[in-house]
Amino acid sequence: MMRDMTKGAPLGHLFLYAVPLLLGNWLQLAYNAVDSIIAGRFIGQDALAAEGVAGPVMNLVILAISGLCIGAGVLMSEAFGAKRTARLKETLATTLLFGAALCCAAAALGCALTPWILRALAVPDSIFGITGIYLRITFLGAPFTFFYNALAAGLKSVGDSKTPLKFLAFSAVLNAVLDLILIGGLGFGIVCSAVTTVVAEAASALLAAVYMARRVPELCPGHGQWRIRRDLLGPILRYGAVTAVQQAVQPICKVLIQGQVNALGVGAIAAFNAVTRVDDFAFTPEQSIATAITTYIAQNRGAGQTARIRCGFAVGLRLELGYWLLMGSLTLLLRRGILSLFVAGEGAADVIALGSTYLGWMAVFYALPALTNGFQGFYRGMGKMTTTLIGTCLQAGLRAAAAAVLAPRVGLPGIAFACAFGWCVMLAFEVPYYFWTCREWKSYKASPAGLRPQARVEAQPPEAALSAETEAAARRRLMRGSLAIRPVHGLPRHTRPSSVASRHLPPQGKAFTGGSYETHRTGHPQLCGG
């Protein structure tokens, strides 16, 4: 179901939009865990190792796909908010066509370079063969992964976050059932594991396409709209590239921090591995709320609703902080019991003690990523992708540097302090820039990026046809030199336009030139351009 966020209470929109995203992210975490469990238990250690090697490689492909779809989603949300249905469809068509070509090329290149990639990663000879097969099949599934993510981005851009969750749930269940039957029951190997993953992704993409064609005609491109538009491809690539780079920064930071943790000993490594699982479940809802803020901001930006943007963003931040109070309190009270689920046996008490100290500090510090995620969502919705990249790079770089200084001196809690330091620096950059953006709104009231003056006419209801006919008649008489265009209130009552489209009549003494008015020496209005 589509959700128009340009009207109605912001809290209801943000909450109802974020909950399905949260459930989908948790489902994805559970799905990845189940897939690894089935491979490890029924195929063996080599299969689990092969999946572990292929995972980081495919994450790079997924980051590129995700970045492209996020960039397209922002543009589609703007078009939906501005009621520009044609632009919405053309953006989706451009994304699908370009992304399909790009993913097919990447799949072919990945299959050809698989041996080189595995040698560069120093994969042991014992699992070199099965890892190569698994990686090649996974590469071939990249186009299906893209199609699902692109169609899901289209649905989310019009406020429908529930339907993509249903398709994701179906994909996860189908994959698990096929794995259990073909691997657990019939004894097929890792090739079957890769094939079932691709089949599940293809099924979810097909379901999304059928649903969109039948239920959401507002998103389905027409026959003449299936083409790559360069004026839309440029913003999609700019937004997508910056988002992909931004997402790649965090894994790099985690690798650097993991190196500092490894130097603290096996106990610290085990404790950190456990607490990062808790961190994942803590951060995921904050990121879901941030995604809801992005869609809300982008839709209202497209509609030119500046007041709703500020109000909705404030509500989003309160929602983030409300979640932090709940999650932080539960983590603080239940941290020992949570950690006991991950470790048992000899040395478990020491691991729990280390992890408990870390989570005690992080329960307080979770407020900081709640705020940073909120601001990131705001800037993405405003199309300021470079701002989000700068903030992420500052946070990740200084966080890794602080961890290198604090971890050897303070131990595992030093990692928590390093995280807090990075988030504080990120806020020190993003908060002042937000107020600068607000001052920019007050001093400069301009059309949202990507919307041309004619979009205002396109967005009008059907009754605007009368005013269009009136304007056309006036222009014909103007060409004959028999009429100077008067203000709207000067027209007879039965021809007075009833919609705001009348504002596009040029004022007296000026002519329309495709977005601006031009004063001529004669003092009489003339039609310029067309």
Side-chain angles (χ1 to χ4, degrees), residues 1-18 70-92 95 153-161 216-219 231-232 235-236 239 289-317 319 374 377-385 434 437-438 440-465 467-468 497-504 515:
M1 182 184 69
M2 294 192 300
R3 180 179 298 277
D4 187 354
M5 299 186 183
T6 61
K7 52 189 176 184
L11 178 60
H13 287 313
L14 293 173
F15 181 79
L16 293 177
Y17 186 89
I70 290 174
V74 172
L75 293 175
M76 286 188 283
S77 293
E78 290 177 7
F80 179 73
K83 307 300 185 290
R84 299 186 65 186
T85 306
R87 186 182 181 88
L88 176 62
K89 295 179 179 181
E90 289 167 351
T91 303
L92 181 59
T95 304
L155 291 170
K156 292 174 185 177
S157 71
V158 298
D160 185 1
S161 59
V216 196
E218 295 85 354
L219 278 172
D231 59 323
L232 294 176
I236 291 172
Y239 286 10
I289 296 171
T291 303
I293 292 174
T294 296
T295 302
Y296 178 91
I297 297 293
Q299 284 194 16
N300 284 278
R301 178 174 175 246
Q305 300 272 16
T306 304
R308 283 185 62 82
I309 288 176
R310 298 185 65 175
C311 176
F313 177 55
V315 171
L317 287 182
L319 200 58
F378 168 79
Y379 289 124
R380 278 195 298 269
M382 291 297 294
K384 296 180 178 292
M385 301 298 184
Y434 168 76
T437 304
C438 292
E440 193 178 41
W441 285 343
K442 293 179 181 179
S443 61
Y444 179 63
K445 296 283 181 77
S447 297
L451 300 183
R452 296 179 175 81
Q454 58 265 33
R456 303 296 186 185
V457 180
E458 179 186 335
Q460 301 311 316
E463 58 263 28
S467 63
S498 60
S499 77
V500 295
S502 59
R503 287 188 293 226
H504 293 277

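What you see below is based on every heavy atom in this structure, not just the backbone, and it leaves out hydrogens, waters and symmetry mates. All values derive from a computational prediction rather than experimental measurement.
- R301 places no side-chain N or O within donor-acceptor distance of the main-chain N or O of E78, the cut-off being under 3.5 Å.
- L75 places a side-chain heavy atom less than 4.5 Å from the side chain of Y239.
- Considering only heavy atoms from C-beta on, L11 comes within 4.5 Å of L319 through its side chain.
- Considering only heavy atoms from C-beta on, V74 comes within 4.5 Å of M385 through its side chain.
- No side-chain heavy atom of R380 sits less than 4.5 Å from a side-chain heavy atom of I297.
- The shortest distance between side-chain heavy atoms of E218 and V158 does not fall below 4.5 Å.
- Here the straight-line distance linking atom OH of Y296 with atom CD of Q305 works out to 8.5 Å at 0.5 Å rounding.
- In this structure, D231 CG and I236 CD1 are separated by 9.5 Å, a value rounded to the nearest 0.5 Å.
- Using modelled atom types, one side-chain atom of Y17 and one backbone atom of K156 make a donor-acceptor pair closer than 3.5 Å.
- The closest side-chain heavy-atom distance from I289 to L14 is not below 4.5 Å.
- At distances below 3.5 Å, at least one donor-acceptor pair connects side-chain atoms of S77 with backbone N or O atoms of S157.
- In this structure, Y434 has its ring center under 6.0 Å from that of F313.
- Without hydrogens or angle criteria, R308 side chain to G8 main chain gives a donor-acceptor distance under 3.5 Å.
- Panel note: side chain H13, backbone G312; no donor-acceptor pair is recorded below 3.5 Å.
- The nearest pair of heavy atoms linking T95 to A72 is OG1-CB, 3.2 Å.
- Taking the side chain as every heavy atom from C-beta outward, F378 and L317 never approach each other to under 4.5 Å.
- Counting only distance, with no hydrogens or angles, the side chain of N300 and the backbone of G81 share no donor-acceptor pair below 3.5 Å.
- Within the model, atoms OG1 of T85 and CD of E90 stand 11.0 Å from one another, a figure rounded to the nearest 0.5 Å.
- Heavy atoms only, all atoms of each residue included: M5 and Q299 are closest at N-OE1, 2.8 Å.
- Between the NZ atom of K89 and the CE atom of M76 there is a distance of 14.0 Å, given to the nearest 0.5 Å.
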